[in-house]
Amino acid sequence: MTITISIMVLMAAAIVLPLLYIARRQRRGASVRKALTAHFYSFFGLLAMVTIFGFASASPAAAADEALTQTTAFADGLKYLSAALAVGLSGLGGGIAVSSAAAAALGAMSENDGIFGKALIFVGLAEGVALYGLLVALLMLFM
């Protein structure tokens, strides 16, 4: 019980403390690229450590039904996590693509009004990335 609470505190610290450091560097006008990269790798490294620790702390003497229930619950958790990642990352990628495509389309339409249809197609293709992520997530959840 105490180990679980300490791991939760460690995870919270791994998220909050580097972000405070990054905010302080940004206020000073210093580069935050290295700090953001270190935050990214430390967070996901800590997440992997907690996942491995969760596997290692499972008691081997558990009953077969309990092990099956835990395995099913773990599989359901991973299913929801993968669906959330599919939607989140595809939404992020779609947003980046739409911002680039829409800016270029508006610039091109300011010079030539006749390319509205072509520009709209490119913006729609960029939005499709997010929709594909949503479809993949729904397939993961309900198949």
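Just so you know, residue 1 is the first one in the sequence shown, and it goes up from there. Below, each value reflects all heavy atoms present in this structure, side chains not excepted, and no hydrogens, waters or symmetry copies.
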Shortest non-hydrogen contact from A105 toward A119
CB-CB, 3.4 Å
Salt bridge (Lys or Arg N to Asp or Glu O under 4.0 Å) against K79, all qualifying residues, sequence neighbours excluded:
D76
According to a hydrophobic-cluster definition based on side-chain heavy atoms being under 4.5 Å apart (Ile, Leu, Val, Met, Phe, Trp, Tyr only), do I22 and F40 belong together?
yes
Nearest heavy-atom neighbours spanning M140 and S82:
SD-OG, 3.3 Å
Can you list every side-chain hydrogen bond (donor to acceptor under 3.5 Å, both in side chains) pair that touches residues 12-32, not counting sequence neighbours?
Y21-R25
If two hydrophobic side chains count as joined below 4.5 Å and joins carry through other members, does Y132 share a cluster with V87?
no
Output for pair (L85 CG, Y80 OH), nearest 0.5 Å, gives 15.0 Å
Where A130 and G91 come nearest, the two heavy atoms and their spacing
CB-CA, 4.1 Å
So, for V98 and V123, which heavy atoms are closest and what is the spacing to 0.1 Å?
CG2-O, 4.1 Å
Is there a chain of hydrophobic side chains (I, L, V, M, F, W, Y, each step under 4.5 Å between heavy atoms) that links L120 to L106?
yes
